[in-house]
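Below is one structure, written out as structure tokens; the observations come after it.
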Amino acid sequence: MDLTAHPHRRFNPLLGEWILVSPHRTKRPWQGKTDAPQPPSTVTYDPSCYLCPGNRRAEGVVNPAYDGTFVFVNDFAALYLDAPPESLDESDLLVARSERGICKVLCYSPRHDLTMPRLGIPAIRRVIDIWGEQYAELGARDEIRFVQIFEHKGAQMCCSNPHPHGQLWADEQVPVLPAREGDRQADYHRSKGSCLLCDYLAIELAKKERVVFENDSFAAVVPFWAVWPYETMLLPKIHRGSVADMDDKARTDLADAMKRITARYDNLFLMSFPYSMGLHQKPTDGDEHPEWHFHIHFYPPLLRSATVQKFMVGYEMLAMPQRDITAELAADKLRGLSEVHYLEK
Ligand code: H2U
Ligand code: ZN
């Protein structure tokens with residue numbers, strides 16, 4: 001099958017759904033919205049930033065003079081533990097359940113201006129250790145069945161603040177997308193007796209077409225079924241269910257992979273590249289989950305420059321996701337970029 005010429009559907013085995021690829025469409029003219037890129041922050045400390053060390057947050061709490069990472073309970077948490085247990089069931093049509101949880105914010109560094117690609121490997125490694133600790137600590141609670149760790153970066157992703165930070169939402173129920181990924185991985189594991197993402201990664205590492213780079217423990221791949229133009233996945237080469245299951249070497253290799261993928265992203269359009277990024281780890285519901293293969297998704301919205309962004313609108317809101325640039329072309333483009341950040345050249 002020629003994947004470069006004609007419209008086709010590709011299957012996403014992790015979500016069990018199809019996406020539409022229209023490779024012939026990349027040449028069409030563009031007259032849509034263009035926004036000027038946000039210049040990267042250049043101050044190491046911003047007195048008005050609610051995440052910088054020693055500053056007062058919106059609800060009055062003062063941040064400690066922290067020196068590495070800093071974790072705090074979100075002052076405007078979407079979930080909390082004392083939500084009363086309630087439910088609604090009316091004719092199977094009006095159905096609701098109360099949901100408990102914990103939301104935290106994680107500052108990666110005291111430096112206001114350093115995003116992931118500009119932090120050193122040891123600093124990123126500290127962030128990864130916090131991910132592991134928080135996943136284990138929050139997941140050990142009876143009320144918590146899933147820990148979603150994520151970061152949204154840049155104004156296009158509605159991030160409120162350039163200070164390098166991410167979030168942790170610990171949920172009473174496994175949320176919709178990880179639940180579906182879990183079901184798909186469990187089905188595959190039952191029918192084939194092996195892991196969906198181990199098998200997928202073996203194919204990608206053999207073909208090399210969509211691999212951006214690899215180190216000893218991780219590979220960065222543009223998934224065959226990617227929806228976002230420069231979407232990637234970081235996959236551990238050895239089957240692991242969570243960061244908590246990863247040894248010292250694998251964690252440092254993950255820090256290396258995080259730095260390299262985000263440096264390539266910034267170098268793509270010479271800007272602080274916006275994205276939503278998140279970890280998918282096995283649920284913390286007490287079961288073993290041998291089917292679950294830990295991975296990180298990067299979903300960046302930009303399409304062809306710092307100012308031209310993909311929106312999920314029209315056909316995509318009503319029918320299915322669609323992309324023009326193929327996953328293979330996107331991988332080729334990312335592979336060709338330097339891993340030395342453009343501000344550090
Ligand atoms: P973003 O990742 O969208 O930038 O969000 C940062 C989080 O920080 C956001 O969820 C929280 C917001 O609720 N926050 C505080 O907890 N305290 C503050 O003083 C401001 C923002
Ligand atoms: Zn700051």
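When a ligand or atom number is given, it counts from 1 through the structure's own listing order. In this text, all values refer to a predicted model and were calculated from it rather than measured experimentally.
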Quiz item: Nearest to atom 4 (O) of ligand 1, what protein heavy atom do you find, and at what distance?
Solution: S160 OG, 2.5 Å
Practice problem: Quick one: look up the protein heavy atom nearest atom 8 (O) of ligand 1 and list residue, atom name and how far away it is. | Solution: V105 CG2, 3.7 Å
Self-check item: ILVMFWY cluster membership beyond V105 - transitive side-chain contacts under 4.5 angstrom
Solution: Y50, L51, Y66, F70, F72
Exercise. For atom 9 (C) of ligand 1, grab the closest protein heavy atom and report residue, atom and distance to one decimal in Å.
Key: N74 ND2, 3.7 Å
Exercise. Could I get the full list of salt bridge (charged side-chain N to carboxylate O under 4.0 Å, His left out) partners for R125, not counting sequence neighbours?
Key: D129, D248
Practice problem: Identify, for atom 16 (O) of ligand 1, the protein heavy atom at the shortest distance, and state residue, atom and that distance. | Solution: D75 N, 2.8 Å
Self-check item: Shortest protein heavy-atom distance from atom 3 (O) of ligand 1, along with the residue and atom involved
Solution: H152 NE2, 2.7 Å
Quiz item: Name the one of V243, L234, L254 that satisfies side chain to side chain contact (heavy atoms under 4.5 Å, CB included) with L279?
Solution: V243
Quiz prompt | Protein contact of atom 5 (O) of ligand 1 - nearest heavy atom, named by residue and atom, plus distance | solution = Q167 NE2, 3.2 Å
Quiz item: Say you draw a straight line from CD1 of I102 to CD1 of I144; how long is it, rounded to the nearest 0.5 Å?
Solution: 4.5 Å
Quiz item: Contact between E151 and ligand 1, counting heavy atoms under 4.0 Å?
Solution: no
Practice problem: Kindly give the cluster partners of L343, where membership spreads through any ILVMFWY side chain lying under 4.5 Å from a current member. | Solution: L270, Y342
Quiz item: At what distance is the nearest protein heavy atom to atom 6 (C) of ligand 1, and which residue and atom is it?
Solution: H165 NE2, 3.6 Å
Quiz item: Are H297 and E181 linked by a side-chain donor-acceptor pair shorter than 3.5 Å?
Solution: yes
Exercise. Say whether E328 and T4, considering side chains only, have a donor N or O and an acceptor N or O under 3.5 Å apart.
Key: no
Exercise. Cation-pi check, R210 to F224: give yes when NZ or CZ is under 6.0 Å from the six-membered ring centre and within 45° of the ring axis, no otherwise.
Key: no
Quiz prompt | Nearby protein N/O/S atoms (those under 2.8 Å) for the Zn ion (ligand 2), with water ignored | solution = C49 SG, C52 SG, H112 ND1, H163 ND1
Quiz item: Nearest protein heavy-atom contact for atom 21 (C) of ligand 1: which residue, which atom, what distance?
Solution: Y50 CE1, 3.2 Å
Exercise. Could you tell me how the ring of H295 sits relative to the ring of W292: parallel (under 30°), tilted (30 to 60°) or perpendicular (over 60°)?
Key: parallel
Practice problem: Return the orientation label for the Y265 and Y275 ring planes: parallel under 30°, perpendicular over 60°, tilted otherwise. | Solution: tilted
